[in-house]
Amino acid sequence: MSRHAVQSFLFAPLLAVLLQACTTNPVTGQSELTFMSEAQELQIGKQQYLPTQQSQGGALNIDPSLTAYVQEVGQRLAAVSDRKLPYEFVVLNSSVPNAWALPGGKIAINRGLLTALENESELAAVLGHEIIHAAARHTAQAQTRGMLLQGALIASAIGARNSDYANLIVSGASLGAQLITQRYGRDAELESDVYGIRYMVRAGYDPRGAITLQEKFVELSKGRNPGWIEGLFASHPPSIERVRKARKEVETMDIASMDLRVGEQRYQKELAFIKEAAPAYALLGEAYEEIGEDDLEEAVDKLERAEHLLPQEAKFYGLQGDILLEQRRYREAITSYDAALARNDAYFVYYLGRGVANARLDNDNQARADLQRSTELLPTAYAAMELGNLALKENDRAAAMEYFRAAAQSGGEVGERATAAFVRLDMPQNPGNYFQTRVAVDQRGRLLAQVGNASGVPVSNVQVEFRVLVSGRVQSAVRRIQSMAPGASTVVDAGVTLPEEVASDARNYDARVVAATVQ
């Protein structure tokens with residue numbers, strides 16, 4: 001077969017797939033490549049919307065009229081969208097200035113961004129921009145680029161059997177957080193700006209709000225404000241180019257004769273409560289800073305002052321509970337978490353903290369209920385680790401192993417502890433799964449094995465069994481390694497010399513780890 005024929009044979013199926021993956025952008029009408037179907041988009045949005053809200057501060061519940069207002073503006077814009085999706089809008093209780101969209105039209109805006117806006121047209125510019133990201137399938141396109149890149153990486157790694165992609169695997173609940181923190185490309189941002197402006201006019205909003213919004217973002221970026229850098233600017237970087245493009249788009253519109261809404265008076269009215277609460281939320285931010293400086297007494301003082309200013313806000317009580325939990329004042333921590341849950345019973349953090357406190361007091365049934373409720377709202381490694389410990393306490397090893405396996409997916413200290421706990425339970429039954437063993441015969445006929453500890457934890461009393469087939473009968477010998485650090489490798493001598501007729505055929509001998517103990 002010629003080289004050209006081989007290339008045709010290899011790439012024809014790929015070309016067919018790529019052609020099938022070409023779709024029309026519902027907003028621009030252009031043909032684009034995407035491997036994500038609309039059904040998949042809708043499914044991802046539906047599955048990830050609530051857990052992503054939880055991971056970003058939870059829904060704002062103390063000002064339902066503000067949420068209703070944002071939803072009203074959002075649905076007014078969604079009604080003129082080129083793509084009909086089950087659009088939803090939520091306000092999140094976070095001081096970080098941010099807004100994001102998941103596939104399928106699931107959109108959120110943070111309290112911290114709302115307080116930085118001046119009028120309804122600027123709010124419409126933010127929401128219109130996010131609607132375009134969803135309607136134009138920007139997330140789907142970004143995932144497609146990621147899939148193509150991954151395919152290229154895998155293709156270049158063919159034959160490199162030691163390549164390890166296992167660290168790319170994440171739990172399902174973390175997908176939403178990954179999607180909203182990905183940085184959109186320049187073209188996607190400009191597209192969302194331009195078409196978002198057109199949606200604003202269709203919905204009756206003054207498009208100049210998009211210009212003032214972008215100008216504000218550019219000014220804020222010059223100051224390198226940490227809150228903005230970690231929030232909106234992380235995924236939606238501002239630029240002079242975006243301001244210029246927005247101006248150019250508005251200049252092409254005949255808006256002088258239109259009755260378009262700016263909505264400053266109504267916006268300020270709807271934001272009045274949250275803006276009045278700003279000093280309390282500022283104290284919350286200062287409390288976090290004090291915790292970072294390990295000044296817990298000062299942090300508690302600021303939280304108590306915040307509670308006095310805004311007693312209906314659960315976050316102040318929840319953070320107090322976290323401090324008391326850290327201080328091992330478990331009964332007081334439970335009281336604080338109770339106060340938080342009385343004000344907001346739909347946020348995972350409070351259940352998680354109360355569950356841990358109850359576990360430390362051996363209130364196992366209440367601890368399990370709290371930790372399970374926390375996991376229902378947002379699966380976390382911390383909750384899984386605690387549930388695993390409770391299961392182990394009841395001698396339910398199978399359940400404990402499943403919890404530890406889930407927790408081990410995370411990084412950091414919790415992931416390391418979960419890995420060790422899982423290995424400690426599993427290694428007695430499956431020691432061979434945790435060691436890499438290579439057997440060989442040296443020039444003098446000695447049978448040797450190179451044993452590597454791939455368990456990720458320190459082990460001791462590693463028992464290596466050598467087996468040799470001689471004259472149709474299997475002979476075995478066990479040798480011990482006193483201890484091995486994670487990743488360590490050592491050579492073990494079987495203590496036997498093989499005759500030439502046995503040594504010449506590798507099928508006549510092998511070695512495996514048959515026992516080990518986690519230190």
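The structure presented is a predicted model; accordingly, all values stated were derived computationally and were not measured.
- For the pair A406 and A384, the tightest heavy-atom approach, listed with the atom from each and the gap, is CB-CB, 4.3 Å.
- Residues R444 and T497 are not in side-chain contact: their nearest non-hydrogen atoms beyond the backbone lie 4.5 Å or more apart.
- Side chain of T115 to main chain of G112: a donor-acceptor pair is present (N/O by atom type, distance under 3.5 Å, no hydrogens or angles).
- Cation-pi contact between R343 and Y317: present, with separation from the ring centre below 6.0 Å and deviation from the ring axis of at most 45°.
- Crowding of E326 atom CD: a count of heavy atoms from other residues, nucleotides or ligands under 6.0 Å not exceeding 12.
- Between the CG atom in L469 and the OG atom in S471 there is a gap of 8.5 Å [rounded to 0.5 Å].
- Side-chain atoms of D493 come within 3.5 Å of backbone atoms of G495 as a donor-acceptor pair (strictly under, hydrogens ignored).
- Between Y351 and F348, the ring center distance fails the sub-6.0 Å criterion.
- Here the OG1-CD distance, from T375 to E386, works out to 10.5 Å after rounding to the nearest 0.5 Å.
- Between F89 and T67, the closest side-chain pair of non-hydrogen atoms is not below 4.5 Å.
- For the pair Q320/V300, a side-chain contact is recorded, criterion being any heavy-atom separation below 4.5 Å from C-beta on.
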Candidate pair L319 and I291, rule side chain to side chain contact (heavy atoms under 4.5 Å, CB included), full reasoning: CA-CA 10 Å; L319 187 54; I291 292 172; 3.7 Å; yes

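- Nearest heavy atom pair, residue S336 against residue L324, reads OG-CD1, 3.5 Å.
- At a threshold of 4.0 Å, the pair R397-E402 does not count as salt-bridged, since none of the basic side-chain nitrogens sits closer than that to a carboxylate oxygen.
- In summary, of the residues considered (I481, V513, V478, T517), a side chain to side chain contact (heavy atoms under 4.5 Å, CB included) with Q463 occurs for V478 alone.
- Counting only heavy atoms from C-beta outward, the side chains of V439 and L447 approach each other to under 4.5 Å.
- In summary, the side chains of S94 and R111 do not present any donor paired with an acceptor at a separation below 3.5 Å, with no hydrogens or angles considered.
- Residues M484 and V451 come closest through the heavy atom pair CE-O, 3.4 Å.
- Using a distance-only test at 3.5 Å, with no hydrogens or angles considered, no donor-acceptor pair links the side chain of D370 to the main chain of L352.
- Side-chain contact check for P486 versus P458: some heavy-atom pair is nearer than 4.5 Å.
- The minimum heavy-atom distance linking L371 with V356 is given by the pair CD2-N, 4.3 Å.
- Seen from the ring of Y509, R467 does not count as a face-on cation partner, given the 6.0 Å and 45° thresholds.
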Verdict with reasoning, R480 to V462, per side chain to side chain contact (heavy atoms under 4.5 Å, CB included): CA-CA 5 Å; R480 287 176 172 81; V462 180; over 6 Å; no

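- Remark: L390 CG to M385 CE distance equals 11.0 Å, nearest 0.5 Å.
- For the atom pair CZ (R417) and CZ (F404), the distance works out to 9.5 Å, reported to the nearest 0.5 Å.
- Judged by distance alone, with hydrogens and angles left aside, the side-chain atoms of N110 form no donor-acceptor pair with the main-chain N or O of L113 at under 3.5 Å.
- Between L425 and A400, the closest heavy-atom pair is CD1-CB, 4.1 Å.
- M427 has its side chain within reach of F435: a pair of non-hydrogen atoms, C-beta onward, lies under 4.5 Å apart.
- Under 3.5 Å, the side chains of E313 and N344 contain no donor-acceptor pair of N or O atoms.
- The main-chain N or O of I334 is never found under 3.5 Å from a side-chain atom of R354 such that the two would form a donor-acceptor pair.
- The shortest heavy-atom contact between E41 and A134 is OE1-O, 4.2 Å.
- Y350 and Y347 have perpendicular rings, their planes meeting at more than 60° on a 0 to 90° scale where under 30° would count as parallel.
- Ion pairing between E297 and K302 fails under the 4.0 Å rule for side-chain N and carboxylate O.
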Step by step, would you call V514 with V464 a side chain to side chain contact (heavy atoms under 4.5 Å, CB included)? CA-CA 6 Å; V514 295; V464 183; over 6 Å; no

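- Side-chain atoms of Q450 and T437, non-hydrogen and from C-beta on, never get closer than 4.5 Å to each other.
- Rounded to the nearest 0.5 Å, atoms CG (N61) and CG (N93) are 7.0 Å apart.
- Using cut-offs of 30° and 60° on the angle between ring planes, the pair Y49 and W100 is perpendicular.
- Between R405 and D426 there is no salt bridge, since no side-chain N of the basic residue sits under 4.0 Å from a carboxylate O of the acidic one.
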Between I44 and L102, does a side chain to side chain contact (heavy atoms under 4.5 Å, CB included) hold up when you go through it step by step? CA-CA 8 Å; I44 289 173; L102 285 175; 5.6 Å; no

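- No side-chain donor-acceptor contact under 3.5 Å links E465 to the backbone of R512.
- Side chain of K46 to backbone of K106: no donor-acceptor contact under 3.5 angstrom is found.
- Judged by distance alone, the side chain of D442 and the main-chain N or O of G445 form a donor-acceptor pair under 3.5 Å.
- N453 places a side-chain N or O within donor-acceptor distance of the main-chain N or O of A485, the cut-off being under 3.5 Å.
- When side chains are defined from C-beta on, Q53 does not count as touching Q48, because their heavy atoms never get closer than 4.5 Å.
- Counting heavy atoms of neighbouring residues, nucleotides and ligands inside a 6.0 Å radius, atom CD of Q482 does not exceed 12 of them.
- One finds the CG atom of N98 at 7.0 Å from the CD atom of Q56 (value rounded to the nearest 0.5 Å).
- In this structure, R368 does not pair ionically with D364, as no charged nitrogen and carboxylate oxygen lie closer than 4.0 Å.
- Using a distance-only test at 3.5 Å, with no hydrogens or angles considered, a donor-acceptor pair links the side chain of Y337 to the main chain of G321.
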